[in-house]
Q: 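Please find one structure pasted underneath; my questions will follow.
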2 protein chains.
Amino acid sequence: MTDRESGAGTGEGASDAEGVDVVLAALADPTRRHLLDLLAAQGEVTATTLAERLPVTRQAVVKHLAVLDAAGLVGGRRVGREVRYEVRPAALDATARWMVALAADWDRRLARIKRVAEAAEAAEREE
Amino acid sequence: MTDRESGAGTGEGASDAEGVDVVLAALADPTRRHLLDLLAAQGEVTATTLAERLPVTRQAVVKHLAVLDAAGLVGGRRVGREVRYEVRPAALDATARWMVALAADWDRRLARIKRVAEAAEAAEREE
DNA sequence: GATCAGTGCAACTCCAGGGTTGCACGTCCC
DNA sequence: GGGACGTGCAACCCTGGAGTTGCACTGATC
């Protein structure tokens with residue numbers, strides 16, 4: 001998987017191959033994706049509030065948010081005693097572009113293989 | 001994460017929320033991504049050949065291929081005693097579209113929040 | 001100041017999954 | 001036919017990570 005083929009380099013978190021790795025790993029967990037949905041819908045939310053809406057403890061939520069933060073998918077801002085988290089689209093944008101480019105690469109390769117196979121088949125028919 | 005917002009429904013594997021789940025989980029492992037790279041580069045490859053190019057056993061490769069197959073990212077075809085695997089772009093295409101749509105959704109939501117905040121700020125300045 | 005609320009640190013549990021090894025069966029080739 | 005090769009089944013190991021609980025500190029409110 002040639003991660004350098006993507007346009008990733010303009011955002012945070014998924015700026016290189018390691019960034020895409022980290023984002024994909026972060027997105028692989030269903031609880032984390034649910035967290036991202038809640039954050040995107042509500043703007044800024046604390047871990048405690050998020051935990052009220054999920055069937056896991058606050059501590060589990062904080063652990064997941066740490067993974068998401070490390071991946072650049074969310075950011076936290078302290079307001080007094082509260083830490084308010086929000087989504088950050090840059091890493092997701094970059095990973096989406098990387099995946100689109102990869103899918104296009106696969107499509108191109110398969111189309112080329114198909115053309116070669118059809119040419120070989122046509123050559124066989126002429127013999 | 002509103003998986004139903006994507007255009008996923010026209011391909012295999014990532015046809016619904018469960019499909020995106022499975023693809024993301026499949027892509028989260030670095031060994032599997034390396035496998036996908038090798039398959040995409042070479043067209044059709046056996047598990048044994050793949051294992052020669054990776055620092056893991058053939059059995060590990062087969063396990064990973066099973067995950068990729070279940071996600072719709074690869075398919076296997078038996079030729080005599082061999083099973084030849086190749087990438088299938090549809091599930092990756094669908095997941096890429098889903099992610100692009102999600103990133104756009106996040107961008108839109110953040111832009112709206114920013115506009116609301118700026119309007120509130122302007123209203124405060126007029127008092 | 002006392003109480004409540006949000007947070008952070010840390011220890012703990014447990015199991016899924018990434019990986020290995022062993023062995024048997026079917027296919028291929030000389 | 002026999003040996004080499006590719007495969008599939010299955011048992012096994014172990015660790016990372018998803019989740020829990022306990023406790024202390026700080027900020028907010030009355």
Side-chain angles (χ1 to χ4, degrees), chain A residues 1 13 17-39 42-86, chain B residues 1 13 17-39 42-86:
Chain A
M1 185 153 304
E18 199 172 285
V20 168
D21 282 359
V22 176
V23 169
L24 289 172
L27 293 177
D29 181 81
T31 302
R32 284 201 282 277
R33 292 206 299 281
H34 196 168
L35 278 177
L36 288 169
D37 281 345
L38 293 173
L39 285 170
Q42 290 167 47
E44 280 196 327
V45 202
T46 66
T48 303
T49 304
L50 287 166
E52 287 162 3
R53 294 175 164 75
L54 285 162
V56 294
T57 62
R58 171 183 63 83
Q59 281 311 322
V61 168
V62 168
K63 277 192 174 182
H64 284 304
L65 287 170
V67 173
L68 294 170
D69 183 87
L73 290 168
V74 304
R77 180 171 71 103
R78 180 167 283 277
V79 181
R81 73 185 175 189
E82 289 185 341
V83 180
R84 296 180 184 162
Y85 294 90
E86 64 183 357
Chain B
M1 186 157 302
E18 198 171 285
V20 168
D21 284 358
V22 176
V23 170
L24 289 172
L27 292 178
D29 181 80
T31 303
R32 283 200 284 274
R33 292 206 299 281
H34 196 168
L35 279 178
L36 289 169
D37 283 345
L38 292 174
L39 285 170
Q42 289 167 48
E44 281 197 326
V45 202
T46 66
T48 302
T49 303
L50 287 166
E52 286 163 2
R53 295 175 164 75
L54 285 162
V56 294
T57 63
R58 169 184 63 85
Q59 281 310 322
V61 168
V62 169
K63 275 192 174 180
H64 284 305
L65 288 170
V67 174
L68 294 170
D69 182 87
L73 291 168
V74 305
R77 179 171 72 103
R78 181 166 283 277
V79 182
R81 71 185 176 191
E82 289 186 338
V83 180
R84 297 179 183 162
Y85 294 89
E86 65 182 356

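Throughout, a chain's letter reflects where its sequence line sits, starting with A, and its residues are numbered from 1. Treat the numbers as computed from the prediction; the structure is a model and nothing was measured.
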Q: Under 3.5 Å, which N/O atoms of the protein pair with N/O atoms of nucleotides 15-17 of chain C?
A:
none

Q: So which of A:Glu82, A:Glu44, A:Glu86 actually passes salt bridge (charged side-chain N to carboxylate O under 4.0 Å, His left out) with A:Arg77?
A: A:Glu44
Q: Do side-chain atoms of A:Arg78 reach the backbone of A:Val83 as a donor and acceptor pair under 3.5 angstrom?
A: no
Q: Quick check on the helix from C:dG1-D:dC30 to C:dC30-D:dG1: what's the angle between its two end axes, five base pairs per end, to the nearest 10°?
A: 30°
Q: Carefully, step by step, assess A:Leu38 and A:Leu54 under the rule side-chain contact (heavy atoms from CB on, under 4.5 Å).
A: CA-CA 10 Å; A:Leu38 293 173; A:Leu54 285 162; 4.2 Å; yes
Q: Expressed in angstrom and rounded to an integer, what is the separation of A:Leu24 atom CG from D:dG17 atom C1'?
A: 17 Å
Q: Does D:dG19 have OP1 or OP2 sitting under 4.0 Å from an N or O in the side chain of A:Thr31?
A: yes
Q: Going 5' to 3' through nucleotides 3-11 of chain D, assign each nucleotide B (protein heavy atom under 4.0 Å from a base atom), S (under 4.0 Å only from sugar-phosphate atoms) or - (no protein heavy atom that close).
A: -BBSBBBB-
Q: Please identify each residue that fulfils side chain to side chain donor-acceptor pair (under 3.5 Å) with A:Gln59, with sequence neighbours left out.
A: none
Q: Would you call A:Leu39 and A:Tyr85 a side-chain contact if the rule is heavy atoms closer than 4.5 Å?
A: yes
Q: Mind checking side-chain contact (heavy atoms from CB on, under 4.5 Å) for A:Thr48 and listing every partner two or more places apart, or none if nothing turns up?
A: A:Thr46, A:Glu52, A:Arg58
Q: Show which side-chain atoms of residues 64-76 of chain B pair as donor or acceptor with protein atoms under 3.5 Å away, not counting sequence neighbours.
A:
unit_1	atom_1	unit_2	atom_2	d
B:His64	ND1	B:Arg32	NH1	3.0

Q: Check whether any side-chain N or O of B:Arg33 sits under 3.5 Å from a backbone N or O of B:Leu27 as a donor-acceptor pair, and report yes or no.
A: yes
Q: Check B:Ala28 against A:Ala28 and note the closest heavy-atom contact, atom names and distance.
A: CB-CB, 3.5 Å
Q: Quick one: A:His34 NE2 to D:dG19 C1', roughly how many Å, whole number?
A: 17 Å
Q: Within a strict 4.5 Å, meaning less than it, do heavy atoms of the B:Val61 and B:Thr31 side chains meet?
A: no
Q: Taking only N and O in the side chain of B:Thr57, is any of them less than 4.0 Å away from OP1 or OP2 of C:dG19?
A: no
